[in-house]
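First up is the structure itself, then whatever we jot down about it.
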Amino acid sequence: MEMGYGKDLYERLNLDEEELAEEERLASLIKKCPNMRVLNQIHAHILTHPNIPLSTLSFTLSKILCFAAYRNIHYARTLLSQIPYPTIFAYNTVMRGFLSQSPSPEPIFLFKKLVRKKFPMSNTFTLAFVLKCCSILPAFEEGKQVHKHVIASGLGENLFVQTSLLNFYTKCDEVELGRKVFDEMRERNVVAWSAMIGGYAKVGLVNEALELFREMQKGGVEPDEVTMVSVISACAMTGALGLGKWLHTFIGKKGIKNDLEVSTALVNMYAKCGCIEKAHEVFEAMPVKDAKAWSSMIVGFAIHGLAKEAIETFAKMEEAKVIKFTVLVYEWQAKVEPNHVTLIGVLSACAHGGLVVEGRKYWSTMLESGIEPSMEHYGCMVDLFCRANQIEEAYEFVKSMPIAPNPAIWRTMLVSCKKNKMLDKGEIVADHLLQLEPLNAENYILLSSLYASGSHWVKMSIVRRQMKEGNQGRSRLQFHRNQRPRA
DNA sequence: TTAGGGTTAG
């Protein structure tokens, strides 16, 4: 176990002055390195120098690895295998590099390698990184294995490790397991409380989230802006306007940083709780708005049926593409680009406002801007045509979809066929729907009311009978929550 | 060499 690190240290202690000077020179070169090209040159220089002491090689390659981890993670990964005795620090740096990229299982592979080789030993950082990876993917089974290692390694009492475990379980929707970790924690800071509150809010256990927020305050732990975002979003989910307003005042009173995320959560909360004016007021007061902030406002207007306001806000978002924000002394400029959620807001606003021409226009611009339409976008378009009673257009649109329409889309069409008494089209649509969802009673109710709307009583009674038979358990007909018959 | 845990929009 002591082999690698011990040898490394031993050799370093035995370097003569000249060798130490060379090592420092290389370290300083890497520190000043302007880009990957220069780094490659230093790397090549080291590899082609046969007389370089092993410890200098290890030390310098680790330095290069640190530089590369955020710029070219695959290069850093290759470097790791070139280091004679990589320290746990080097492993951790590569794992962290992977976490800053799009989701990758590489940190799990690296962790498995560490476990297999038994050297270098994982530390609390390693465990935090691998658990973060398991929660991002998510990888439940792998995370559970890591939990076993946590216990075996004796690092299970570490606050960072425990918070990582708690977060991992809640991200995998295993809130109870997360709560178990939380309950076992000897000390809990604001991060641990926020993680648990956020975990409850995420799965919709809003009362538990709010209860924990009260408990946290009773315990004397001051909430911060991250806690507030979770609690406010819990209010948004339940429509708890009173508590939401109280939290808004609380933020001001306690001097909690009202940042981009908090304001966005407030905009969303006020909009969901029916206070669209207040949502707009908070939104207007925001000095910096990112895509999520703009989207929250647009979606807010859309769900309130305020199509004109939603579209105007979208136009402003496109005009205000460039935002400026300052980090220390550096001023950064970033483009605010509409994303898939923004477009869902815009398209549903068009649908609610009966704006077919505009909806088609935004659909085209969405495709041009490279946003891949999802099922929700297709759903908005079908809704747009159906609400405007353009059933044929809706049907043609559905037929042109490159992905198989989901039951919700067929149902939207069936409702519209019923409304417009379009029996033939309705039967075709119902056929598709019942193939996908033969056990959903709501679909039979819709179909029977389509027949009723055209006075096709015989067909209606057949559908009713099919449904009734299912209700008696013969075909395991499932009832939608809203239509479940009273016992 | 000196890194880590929690948040937001459909």
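Note on naming: letters A, B, ... go to the chains in the order of the sequence lines (proteins, then strands), and numbering restarts at 1 for each one.
The CG atom of A:Asp224 sits 12 Å away from the C1' atom of B:dG5 (whole-angstrom rounding). Spacing between atom CZ of A:Phe129 and atom P of B:dT2 amounts to 14 Å, rounded to whole angstrom units. Summarising the geometry, the separation between CG on A:Leu165 and P on B:dG6 is reported as 12 Å, rounded to the nearest angstrom. Rounded to whole Å, the distance from CD1 on A:Ile197 to C1' on B:dG5 is 15 Å. Going from atom CG of A:Asn258 over to atom C1' of B:dT8 covers 13 Å, rounded to whole Å. Taking atom OH on A:Tyr70 and atom C1' on B:dT1, their separation rounds to 15 Å, with Å as the unit.
For B:dG4, the base has no donor-acceptor partner in the side chain of A:Asn92 [N/O atoms by modelled type, under 3.5 angstrom]. With hydrogens and angles ignored, a donor-acceptor pair closer than 3.5 Å exists between the side chain of A:Ser194 and the base of B:dG6.
Counting any heavy atom pair closer than 4.0 Å across all strands shown, A:Val299 reaches sugar-phosphate atoms only and no base atom. Residue A:Lys171 is classed as a sugar-phosphate contact, given heavy-atom separations below 4.0 Å to backbone atoms only. Across all strands, A:Thr124 comes closer than 4.0 Å to base atoms (heavy-atom distances). Among the atoms of the strands shown, none is found under 4.0 Å from any heavy atom of A:Ser233. No contact: A:Thr126 has no heavy atom under 4.0 Å from any strand. Counting non-hydrogen atoms under 4.0 angstrom, A:Ser164 reaches the backbone sugars and phosphates but no base. Base contact: A:Ser295 has a heavy atom under 4.0 Å from a base atom. Across all strands shown, A:Leu343 has no heavy atoms under 4.0 Å from either base or sugar-phosphate atoms.
Put simply, A:Phe125 rests on the base of B:dA3: the two rings are less than 5.5 Å apart at their centres and nearly parallel, under 30°.
Both cation-pi conditions hold for A:Arg188 and A:Phe182: the charged atom is under 6.0 angstrom from the six-membered ring centre and inside a 45 degree cone around its axis. By the 6.0 Å and 45° rule, A:Lys132 does not stack over the aromatic ring of A:Phe168.
Taking a cutoff of 4.0 Å between a charged side-chain nitrogen and a carboxylate oxygen, A:Asp173 and A:Lys202 qualify as a salt bridge. Look at A:Glu211 and A:Arg214 and you find a salt bridge, because one of the NZ, NE, NH1 or NH2 atoms lies within 4.0 Å of a carboxylate O, short of that distance. Of the charged side-chain nitrogens involved, at least one lies within less than 4.0 Å of a carboxylate oxygen, so that A:Glu281 and A:Lys278 count as a salt-bridged pair. The pair A:Lys308-A:Glu312 counts as a salt bridge, with a side-chain nitrogen and a carboxylate oxygen less than 4.0 angstrom apart. Between A:Lys180 and A:Glu176 no salt bridge is recorded (no basic side-chain N to carboxylate O distance below 4.0 Å).
Evaluated for a side chain to side chain contact (heavy atoms under 4.5 Å, CB included) with A:Cys235, the options A:Leu266, A:Leu247, A:Asn268 yield exactly one hit, A:Leu247.
Counting only N and O atoms by type, the side chains of A:Ser263 and A:Asn258 include a donor and acceptor under 3.5 Å apart.
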* Which is it for A:Lys361 and A:Glu358 under the salt bridge (Lys or Arg N to Asp or Glu O under 4.0 Å) test, yes or no, and what are the steps along the way? -> CA-CA 5 Å; A:Lys361 189 188 89 188; A:Glu358 289 82 351; over 6 Å; no
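Listed in residue order, the members of residues 235-256 of chain A having a heavy atom less than 4.0 Å from DNA chain B come to none. Within residues 259-268 of chain A, the residues that place at least one heavy atom under 4.0 Å from DNA chain B are, in residue-number order, A:Glu261, A:Thr264, A:Asn268.
Within 6.0 Å of the CD atom in A:Glu284, the count of heavy atoms belonging to other residues, nucleotides or ligands exceeds 12.
Taking every side-chain heavy atom of A:Ser296 into account, B:dA9 is the closest of B:dA9, B:dT2, B:dG10.
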* Structure fact -> Pairing string of DNA chain B (Watson-Crick or G-U wobble, both atom distances under 3.5 Å; | = paired to other strand) is ..........
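Put simply, A:Lys272 has no side-chain N or O that comes within less than 4.0 Å of OP1 or OP2 on B:dA9.
Aromatic rings from A:His280 and A:Tyr270 are positioned such that their centres are separated by 6.0 Å or more.
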